[in-house]
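Worksheet: the structure to be examined is printed underneath.
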Amino acid sequence: MAAPSRRLKLSSSLCFCVSVVLLVAIAGCDKPLMSNKETRSQYDRYDRVRSEYAQQYVEDEFGRKQPNVRGRLAPKGKTGQSEE
């Protein structure tokens with residue numbers, strides 16, 4: 001008699017786990033919390049005010065979107081640099 005009770009608990013817990021996974025998968029397919037035009041940090045806001053904002057992504061020569069690592073890590077402005 002112990003086997004059917006154990007089997008019932010196992011099937012109910014399996015059903016619960018599957019439903020939780022499906023719920024998380026459905027909730028994850030919602031729109032993103034922040035758009036690309038919103039400022040993501042105080043540094044982005046600082047750069048926008050000074051017209052030094054670098055886009056998050058750039059298109060390469062084949063039209064693919066690539067992260068703009070070089071543009072975002074480049075030195076901003078001329079502060080602290082000597083002009084020659």
Side-chain angles (χ1 to χ4, degrees):
M1 290 270 177
S5 174
R6 187 173 180 188
R7 193 174 298 158
L8 180 62
K9 285 182 183 181
L10 182 63
S11 66
S12 64
S13 63
L14 180 65
C15 182
F16 175 74
C17 290
V18 168
S19 62
V20 167
V21 168
L22 287 175
L23 182 66
V24 168
I26 290 171
C29 294
D30 203 7
K31 65 180 182 175
L33 293 176
M34 301 176 81
S35 72
N36 287 340
K37 296 183 182 188
E38 287 185 47
T39 55
R40 295 183 178 261
S41 70
Q42 67 269 25
Y43 306 110
D44 283 345
R45 192 175 317 123
Y46 182 88
D47 289 343
R48 278 188 198 271
V49 168
R50 285 155 183 79
S51 299
E52 296 176 345
Y53 180 74
Q55 295 295 323
Q56 290 182 349
Y57 295 96
V58 293
E59 285 190 14
D60 63 3
E61 58 271 6
F62 303 108
R64 296 178 295 203
K65 286 177 70 173
Q66 301 288 332
N68 187 14
V69 177
R70 182 171 290 151
R72 293 183 69 115
L73 296 178
K76 308 282 184 188
K78 303 242 182 211
T79 308
Q81 296 178 354
S82 63
E83 293 190 25
E84 298 176 20

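Given the structure is predicted, the values throughout are model-derived calculations rather than measurements. For the numbers below, each heavy atom of this structure counts, side chains included, while hydrogens, waters and symmetry mates do not.
One finds the CG atom of L14 at 9.5 Å from the OG atom of S19 (value rounded to the nearest 0.5 Å).
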N/O donor-acceptor pairs under 3.5 Å from side chains in residues 67-75, not counting sequence neighbours:
unit_1 : atom_1 : unit_2 : atom_2 : d
N68    : OD1    : G71    : N      : 3.1
N68    : ND2    : Q55    : O      : 3.0

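Checked against side-chain contact (heavy atoms from CB on, under 4.5 Å), Q66 has the following partners two or more places apart in sequence or in another chain: D60, R64.
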